[in-house]
Protein chains: 2
Amino acid sequence: MSQADTVTRILDSAEQLFAEKGFSETSLRMITTRAKVNLAAVNYHFGSKKDLIQAVFARFLTPFCNKLDKELNALVASNQQPNLHDVLGVLANTMLTGVHLTGNANKLSVFMRLLGLAYTQAQGHLRRFLRENYNETYSRFILYLRNAHPELSQREIFWRIHFAIGACVFTMSSIEVLRDMAIADTGEDSGIDEVMRQMIPFLAAALER
Amino acid sequence: MSQADTVTRILDSAEQLFAEKGFSETSLRMITTRAKVNLAAVNYHFGSKKDLIQAVFARFLTPFCNKLDKELNALVASNQQPNLHDVLGVLANTMLTGVHLTGNANKLSVFMRLLGLAYTQAQGHLRRFLRENYNETYSRFILYLRNAHPELSQREIFWRIHFAIGACVFTMSSIEVLRDMAIADTGEDSGIDEVMRQMIPFLAAALER
DNA sequence: TACTGTTTAAAACGATCGTTTAAAACAGGA
DNA sequence: TCCTGTTTTAAACGATCGTTTTAAACAGTA
């Protein structure tokens with residue numbers, strides 16, 4: 001087994017288990033058992049559990065933010081004053097096409113769950129890591145949203161955006177449970193595409209109002 | 001020190017620490033140290049850590065749901081067909097006036113954070129406990145929301161409600177992180193009451209559209 | 001005061017955690 | 001083939017966890 005294999009298998013397993021259970025509830029022994037590598041491999045290749053957590057986020061967040069940056073560049077190149085739908089459309093498109101989570105079938109669900117963990121379970125080190133590495137893209141995205149609605153105060157924009165993020169993160173990270181509940185409630189299944197089709201006007205209505 | 005004192009002090013400390021750190025990140029030794037009681041007192045009075053977690057939720061959720069039930073009774077007694085604002089208003093009012101978290105200064109913040117934990121960190125036992133004890137009030141509340149908009153399909157109502165729940169839960173469980181981000185972003189702090197004041201019209205706009 | 005059941009106290013239990021160690025296995029070039 | 005640096009392995013480390021044990025302190029009653 002090559003080094004790349006071991007590192008990748010650890011990242012894959014950690015990604016799945018973190019998304020499923022959270023950070024503290026996932027032990028290195030769970031990760032290395034699922035990855036079929038030796039326990040010490042984590043500390044050898046990554047240094048510590050904290051570094052592994054950061055590596056898991058870096059692996060999918062770096063290409064995601066790069067893709068988002070490119071798309072935002074393309075957007076402002078073709079449209080000096082993009083409106084809310086334009087900016088949100090870029091985000092949705094990047095999420096649907098630019099997320100690569102190796103070895104996981106339901107990529108979007110894992111992506112959202114990890115994103116949710118970044119908010120709800122972020123210890124100091126992870127919050128610092130994310131801010132240092134991805135705050136630039138994040139701030140830029142927020143800025144475009146703000147520019148689309150210059151009549152709103154910074155505070156209003158901030159909280160509306162994060163209410164919307166909350167709806168996204170919660171829905172997508174519990175999508176399996178919610179679909180089961182929807183079947184029990186309405187008698188019919190709701191495909192992911194239908195859920196997203198309903199969520200986008202929901203978010204737009206809540207943001208624009 | 002009387003038994004009631006010991007039990008109450010454990011509940012107070014556990015409540016604070018759970019809200020602050022989550023369940024797994026809070027050890028019984030942290031709790032008993034802060035409560036200034038012996039370590040074994042938790043297992044003596046509550047049985048286990050899981051039972052303590054449930055007791056913490058029961059202490060504030062039972063009076064909260066009783067209050068909410070009463071308010072909902074009063075609402076339908078005075079208004080056979082309450083609209084969305086009425087129902088959401090009852091919820092907001094109950095949250096603002098009917099929450100008693102002993103020994104904590106910022107009660108609403110702790111309440112929100114615990115509610116968020118109930119969704120994001122609930123392992124099997126807590127989810128089961130909450131469903132068994134509080135699902136009736138919860139279902140009733142959802143029903144009134146649905147009745148307020150009979151023109152919408154069950155599916156539409158279902159997903160809108162859960163998008164809204166997502167915005168609430170996410171905001172509640174990440175409130176400290178978000179307030180920090182808001183300070184970094186806007187330069188000013190946003191009090192919890194202000195966040196709620198902004199969230200309610202957000203939810204109403206998103207639900208009614 | 002002596003007795004009884006309840007509560008608190010200190011100490012230890014076994015399990016699990018992240019991490020480290022030291023040796024074995026491996027790979028590639030001289 | 002031998003050497004060298006890298007990677008994997010098995011085992012152990014110290015720390016911390018939830019829980020249990022056993023005895024001491026306490027409160028109420030007769």
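Letters A, B, ... mirror the listed sequences (proteins, then strands); counts begin at 1.
In this structure B/Tyr144 satisfies the ring pair (Phe, Tyr, Trp, His ring centres under 6.0 Å) test with no other residue, sequence neighbours excluded. Shown here are the salt bridge (Lys or Arg N to Asp or Glu O under 4.0 Å) partners of A/Arg179, two or more places apart in sequence or in another chain: A/Asp189. Annotation: salt bridge (Lys or Arg N to Asp or Glu O under 4.0 Å) contacts of A/Glu194 (sequence neighbours excluded): B/Arg155. Take A/Asp180 and apply the salt bridge (Lys or Arg N to Asp or Glu O under 4.0 Å) test, not counting sequence neighbours, and it matches no residue. For B/Asn73, the side-chain hydrogen bond (donor to acceptor under 3.5 Å, both in side chains) partners two or more places apart in sequence, or in a different chain, are B/Arg140. In terms of the salt bridge (Lys or Arg N to Asp or Glu O under 4.0 Å) criterion, B/Glu25 has no residue partners (sequence neighbours excluded). Applying the side chain to side chain contact (heavy atoms under 4.5 Å, CB included) criterion to A/Ala58, with sequence neighbours excluded, gives A/Thr62, A/Phe129, A/Tyr134.
Straight-line distance from the NE2 atom of A/His45 to the C1' atom of C/dT19: 16 Å, rounded to whole Å. Atom C1' of nucleotide D/dC17 and atom CG of B/Leu52 are separated by 15 Å, given to the nearest angstrom. In this structure, the CD1 atom of A/Ile10 is 13 Å from the P atom of C/dG18, given to the nearest Å. Counting to the nearest Å, the P atom of C/dT8 and the NZ atom of B/Lys36 are 16 Å from each other.
The aromatic rings of A/Phe64 and A/Phe111 are tilted relative to each other, their planes meeting at an angle between 30° and 60°.
Listed by residue number, the members of residues 18-27 of chain A with any heavy atom below 4.0 angstrom from DNA chain D form an empty set.
Two residues, A/Met30 and A/Asn38, neighbour DNA chain C, and the one matched to the more 5' nucleotide by heavy-atom proximity is A/Met30.
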Pairs under 3.5 Å (N/O, protein and nucleotides 19-21 of chain D):
residue : atom : partner : partner atom : Å
D/dT19  : OP2  : B/Asn43 : OD1          : 3.3
D/dT19  : OP2  : B/Lys49 : N            : 2.9

